[in-house]
Protein chains: 2
Amino acid sequence: MKSGLSFLVAARRCEIDELEQLARTSELVGTIGRLVHVLQRERGLSNVLLASQGRRFAAQRSAQIVECGRFERDARAGFDLLESEGRRAGSGTRLFSRIAWVLPGLDALPALRRRIGALETTPAEATAAFAKLIAGLLTVVFEAADGATDPEISRLLAAMFNFMQGKEFAGRERACGAAAFAAGHNDPQRQQQWLQLIAAQERCFHVFADFAGATMSQLWRECEPAAELAELEKLRRIACAAPAGVPLDPELSAVWFDCCSLRIDAMKAVEERLAADLRDLCRNKIRQARVEAESYEALLDRLAGEPDTNATAFFDEPGAVPAPQGDGPGLAPAAPTYGHQLERSILEMMQEQAQRLQAMSDELATVRTALNERKLVERAKGLLMAHRKLTEPEAHQMLRQTAMNQNRRVVDVAESVLSMADYLPIGS
Amino acid sequence: MKSGLSFLVAARRCEIDELEQLARTSELVGTIGRLVHVLQRERGLSNVLLASQGRRFAAQRSAQIVECGRFERDARAGFDLLESEGRRAGSGTRLFSRIAWVLPGLDALPALRRRIGALETTPAEATAAFAKLIAGLLTVVFEAADGATDPEISRLLAAMFNFMQGKEFAGRERACGAAAFAAGHNDPQRQQQWLQLIAAQERCFHVFADFAGATMSQLWRECEPAAELAELEKLRRIACAAPAGVPLDPELSAVWFDCCSLRIDAMKAVEERLAADLRDLCRNKIRQARVEAESYEALLDRLAGEPDTNATAFFDEPGAVPAPQGDGPGLAPAAPTYGHQLERSILEMMQEQAQRLQAMSDELATVRTALNERKLVERAKGLLMAHRKLTEPEAHQMLRQTAMNQNRRVVDVAESVLSMADYLPIGS
């Protein structure tokens with residue numbers, strides 16, 4: 001029969017297993033970020049190639065495909081490692097299911113590239129294909145954040161997910177703009193899509209700041225290069241404010257691409273910093289948990305020789321040191337001894353642990369709620385866009401307006417929308 | 001490099017591991033229920049013994065202690081089994097921490113029994129000691145419900161926890177009443193405590209009905225024996241409505257004890273039924289998950305021989321069967337083949353799995369929210385009772401009234417109370 005203390009050790013060991021699994025997941029998130037980055041660049045180059053009828057960026061694109069291959073191998077190796085190590089830790093159902101979805105996307109990349117190289121697809125279709133694959137990769141990151149059992153790590157992963165999502169909107173903006181400039185003209189549909197991508201980026205970075213805390217948000221503001229931002233805004237204005245049919249200078253496609261790329265590379269630097277912070281956080285937590293587990297184990301070894309048949313402390317009044325009492329032989333408890341004091345201090349350790357776990361659980365619930373509220377709002381918007389043929393900003397505005405009118409939170413309105421999905425008209 | 005399908009298999013295998021862990025936890029919950037039941041009876045007998053100055057129930061109590069020893073051994077063996085098997089599954093931190101807290105309570109039982117046998121403690125103190133141990137055991141059940149990763153199992157465990165909690169209040173009522181009758185009189189403090197125990201039972205069975213669904217609630221209503229209930233209400237009235245100082249017939253203590261015990265035994269039957277349902281539910285889920293995992297694995301074996309270099313389906317338009325196209329050698333994708341159809345059906349399997357997991361995750365969030373809202377309300381009540389010297393029903397009424405006045409939900413008021421803990425006066 002095991003003692004209470006040995007279960008305290010077992011609880012700590014479980015926590016260490018979970019933290020090690022989180023450390024592996026966090027490594028994978030970093031690897032995914034790198035793969036997404038090179039795919040985003042390939043998408044931009046592919047778009048210019050397609051929009052320019054094969055005249056621009058052919059060599060850069062070929063080089064980029066080689067680069068992508070390298071990061072794809074890293075990511076696949078990371079998935080495999082997680083599978084072989086993670087099975088033991090046992091909490092991977094949803095994460096593995098997301099990875100399962102992503103792999104056929106990577107498998108289908110060579111065929112997609114052949115069609116792009118043969119100019120057999122449009123910029124819009126190519127963008128959509130890359131965006132689908134990247135969305136799948138980001139879902140793996142979301143799942144990692146949502147499945148994390150440590151609130152601090154979960155919070156940092158949630159910040160990372162939102163930052164990566166914002167960066168992806170920036171990447172799609174680069175591809176969208178590159179195609180417009182390379183084609184030499186813009187159209188109202190693309191202009192509207194472009195403006196949506198700008199708004200979506202801003203929302204993501206706002207959420208990122210909520211999760212990441214002040215220091216990181218500050219870092220991001222400092223990283224975003226001011227000169228390039230001004231240039232970017234100018235090019236945005238030229239392309240988005242121009243009336244339909246007004247020609248755009250195709251030479252600007254390279255300027256636009258480089259300007260966006262500088263900004264996206266700055267985002268990449270922030271992302272790497274987040275990944276490094278995540279790694280440090282996991283390492284520190286594992287080290288600390290190991291030290292405590294070892295101190296419990298040392299105590300357990302020390303107690304192994306001693307009989308504990310006179311355990312009594314559990315029923316002591318809290319805080320009271322029991323007076324020695326009773327001498328009815330065989331009936332009254334043994335007088336409190338050194339062993340009794342030790343027993344009390346073990347009980348205190350247990351209560352501390354229980355309180356710490358309760359605090360962690362409360363904090364984790366807060367992070368998950370925030371994360372899932374965002375997801376609910378996104379799903380409600382998607383539903384409104386599909387059923388009422390709204391654009392993304394229109395759907396967003398509709399939820400906000402309803403919330404204001406009804407004096408409710410946006411997430412509560414989103415929940416109502418989702419629960420009434422069956423009553424919504426289809427595409428009315 | 002592993003394929004998407006092999007991660008689909010890995011996800012299923014994880015799910016099976018989790019279900020097997022849940023099956024073990026559910027078994028343990030049943031074992032805990034049995035231990036709690038015999039401890040409750042021992043507490044009742046101990047109370048009569050103490051209140052009657054050792055004249056009543058001495059022999060029954062000795063027999064009951066032997067009975068308790070048997071169930072204690074089962075529970076300890078169950079804890080040990082969970083520890084040796086559960087470490088592999090890795091999600092036991094909080095559960096193990098709760099078990100760690102319970103074991104010193106079991107260790108301290110012999111000393112408590114010696115004091116009771118020597119009439120060195122009061123009925124109130126003995127009740128409080130047993131209640132503390134049983135509360136610790138019930139916390140293990142709560143943690144099992146809260147940590148379950150399957151919503152149906154979590155819901156049934158939550159129903160079980162609330163039922164066990166209600167049964168514990170019934171057990172405390174038995175002990176409280178037994179002491180009053182055996183002592184030959186009641187007092188206002190005990191009367192008030194008694195009424196609180198009745199109200200607390202009713203609340204628990206109400207929550208149980210919410211979680212358990214109609215069939216189970218019906219079963220409980222049918223199990224509660226009507227004749228005994230009438231007798232119980234009569235005895236409650238005699239003891240609780242009597243003015244202080246009016247003597248009670250000590251002979252009624254045995255009548256009361258038997259009447260309560262019949263009702264509690266009926267609860268035990270419902271509890272066993274819940275445990276059996278839980279066992280069946282786990283078994284069925286494991287069987288189903290195994291069948292699916294095996295069908296995925298069979299497909300994986302079949303595909304092992306085939307090259308998948310022409311994967312393309314991921315980027316198909318949803319729902320569209322792609323037309324055969326392109327013959328630019330080496331550039332266009334291979335014409336859709338049997339392999340392509342298979343690839344599409346694997347993608348569909350993945351989407352089904354993702355949708356199923358999303359639905360499960362939503363449902364699980366609902367169950368956990370309901371479970372944790374109850375916990376928040378209990379914690380807020382505890383805080384109000386401590387800081388404002390309120391009884392439990394007064395604290396409950398205060399939360400309800402505030403919620404009605406402010407047009408908020410009780411749980412939101414409870415959350416405000418907890419977040420303002422530092423501002424509350426102590427015992428004012």
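We name chains A, B, ... by the order of the sequence lines, and we start the count at 1 in each one. The figures that follow rest on heavy atoms only: side chains count, while hydrogens, waters and symmetry mates do not.
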With sequence neighbours excluded, residues passing salt bridge (charged side-chain N to carboxylate O under 4.0 Å, His left out) with Arg368(B): none
Test item: Met349(B) and Leu299(B) side chains (from C-beta on) under 4.5 Å apart, heavy atoms: yes
Contacting moiety of Asp362(A), where chain B heavy atoms sit under 4.5 Å: side chain
Max heavy-atom pair count under 4.5 Å with chain A, selected residue of Arg98(B), Met350(B), Lys2(B), Gln351(B): Lys2(B)
Residues in side chain to side chain donor-acceptor pair (under 3.5 Å) contact with Arg43(A), at least two apart in sequence or another chain: Glu168(A)
Chi angles and distances behind the side chain to side chain contact (heavy atoms under 4.5 Å, CB included) call for Ile116(A), Phe130(A): CA-CA 11 Å; Ile116(A) 293 170; Phe130(A) 278 105; 3.8 Å; yes
Phe314(B): partners by ring-ring contact (aromatic ring centres under 6.0 Å, His included), with sequence neighbours left out: Trp101(A)
Heavy-atom contact with chain B under 4.5 Å, split by part of Leu133(A): both
Residues of residues 352-361 of chain B contacting chain A, heavy-atom criterion under 4.5 Å, by residue number: Gln353(B), Ala354(B), Leu357(B), Gln358(B), Ser361(B)
Leu112(A) versus chain B, the contacting section by heavy-atom distance below 4.5 Å: side chain
Residues Glu83(B) and Arg13(A) bridged, charged N to O under 4.0 Å: no
Sub-4.5 Å side-chain heavy-atom contact between Asp150(A) and Glu15(A): no
Heavy-atom pairs under 4.5 Å with chain B, option from Ala100(A), Gly105(A), Ala129(A), Gly136(A) with the top count: Ala100(A)
Test side chain to side chain contact (heavy atoms under 4.5 Å, CB included) applied to Arg94(A) and Asp146(A), step by step: CA-CA 10 Å; Arg94(A) 285 167 56 193; Asp146(A) 196 42; 2.9 Å; yes
